[in-house]
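Read the structure below first, then the notes.
Here is how names work: the chains are called A, B, and so on, in the same order as the sequence lines, proteins then strands, and each is numbered from 1.
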2 protein chains.
Amino acid sequence: MKIGELARVTGANIETIRYYERIGLLPEPHRTAANYRRYGEAHRSRLAFVRHSRDLGFTIEEIRSLLDLSDHPERDCGEADRIATSHLEQVEEKIAQLELLRDELARIIGRCRGGLAGDCRVIEALGDHKYCEGTHA
Amino acid sequence: MKIGELARVTGANIETIRYYERIGLLPEPHRTAANYRRYGEAHRSRLAFVRHSRDLGFTIEEIRSLLDLSDHPERDCGEADRIATSHLEQVEEKIAQLELLRDELARIIGRCRGGLAGDCRVIEALGDHKYCEGTHA
DNA sequence: CCTTGACCCTGTAGTTGCTACAGGGTGCAT
DNA sequence: ATGCACCCTGTAGCAACTACAGGGTCAAGG
Ligand SMILES: [Zn+2]
Ligand SMILES: [Zn+2]
Ligand SMILES: [Zn+2]
Ligand SMILES: [Zn+2]
């Protein structure tokens, strides 16, 4: 299939596919006489792996390692587990951070009683962390 | 004070301070005879406002509007409220997304029983969204 | 007086993961 | 033959910094 169809079936953007090829995440496909990229099932499933991993929040470098493992089925899968677990930990950390942020923001917004900017407690609170209760960042 | 001291007292990076000046978020300070930037209390508190707002996750453009309001105390503060509330909503949305992600990741990781990469359920699950239970992205 | 070191300056390029052109070529239908 | 959809390369842009390279300035110590 041509790049447009690959994009359609995987949900990836055409430019993204070419980008992945450029950074070596996808192998260079064969070319037709007119220099068009020609893809097969192996490309499709590799791209699906990449897109799904990206949707799950893995970085390109993590995906590179995961693909490498996927290309070497005889290796131990411990590395995959380590990457995924460390990613999960980062997600959990990020959630905890955002929850602190959310609480602090809600508290700050709650202080506004309307009126003039000069009297606004929201603007005041943005100017100085001392009005914060938590340690958001 | 010179830029290094301003950086120390606000916790901002020197390069970041110059960057903020370049994009017009901080006003150009006076210069000494040796062309060194010289800051006063007004600069300090404006930078504190910017850094605190960034720590709270506001974008530069949002901060630009908030600073504008802070510079015009006679205006209505409704705009500040709108910006903060919409930001809070985005944070809440992001948290919800990450929670879906976290659950899906935890489930995927739980499938791994160790062994060879070729048999790894984690790698399998990354390759195809059909092994997912939620709609993480 | 000279050097060392800490500071400051400008300007540019790199980071992450794409996305959006500009300026061209190809292939098929009418 | 002419339109149109599709493909190609190469480059630049986004956010919000961060990291140099290659220079200038200034006070203290030898
Ligand atoms: Zn208010
Ligand atoms: Zn705070
Ligand atoms: Zn496994
Ligand atoms: Zn999935």
Donor-acceptor contact below 3.5 Å, side chain [X] vs main chain [Y]:
| X | Y | value |
| --- | --- | --- |
| Glu104(A) | Cys132(A) | no |
| Arg38(A) | Asn35(A) | no |
| His87(A) | Leu56(A) | yes |

From [atom1] of [X] over to [atom2] of [N], roughly how many Å is that when rounded to an integer?
| X | N | atom1 | atom2 | value |
| --- | --- | --- | --- | --- |
| Arg31(A) | dG27(C) | CZ | P | 14 Å |
| Glu61(A) | dT16(C) | CD | C1' | 10 Å |
| Tyr19(B) | dT12(C) | OH | P | 17 Å |

*Establish whether the base of dG17(C) is bridged to the side chain of Tyr20(A) by a donor-acceptor pair shorter than 3.5 Å.*
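No.
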
*Same apolar cluster (I L V M F W Y, side chains within < 4.5 Å links), Tyr36(A)/Tyr19(A)*: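 Tyr36(A) and Tyr19(A): separate clusters.
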
For a quick check of understanding: with a heavy-atom distance under 4.0 Å over all strands, which category does [X] fall into, base, sugar-phosphate or nothing?
| X | result |
| --- | --- |
| Thr59(B) | sugar-phosphate |
| Ile14(B) | sugar-phosphate |
| Arg54(A) | sugar-phosphate |
| Arg51(A) | sugar-phosphate |
| Arg38(B) | nothing |

*In terms of the nearest nucleotide of DNA chain C, which residue is placed more toward the 5' end: Arg8(B) or Glu15(B)?*
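Nearest-nucleotide comparison on DNA chain C picks Arg8(B).
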
*Mind checking which nucleotides bracket the chain A contacts on DNA chain D, 5' to 3', with an atom under 4.0 Å from a heavy atom?*
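The contacted stretch runs from dC6(D) to dT9(D).
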
*Look at Arg44(A) together with Glu41(A) and state whether they make a salt bridge at an N to O cut-off of under 4.0 Å.*
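Salt bridge: yes.
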
*Using heavy atoms to find the nearest nucleotide of DNA chain D for Tyr36(A) and Arg22(A) separately, return the residue whose nucleotide is more 5′.*
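Taking each residue's closest nucleotide, the earlier one in sequence belongs to Tyr36(A).
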
_Could you tell me if Arg111(A) sits above the aromatic ring of Tyr131(A), with its cationic atom closer than 6.0 Å to the ring centre and no more than 45 degrees from the axis?_
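Checked: cation-pi criterion met.
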
_Test salt bridge (Lys or Arg N to Asp or Glu O under 4.0 Å) applied to Arg54(B) - qualifying residues, sequence neighbours left out_ =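 If we apply the salt bridge (Lys or Arg N to Asp or Glu O under 4.0 Å) test to Arg54(B), skipping adjacent residues, there are no hits.
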
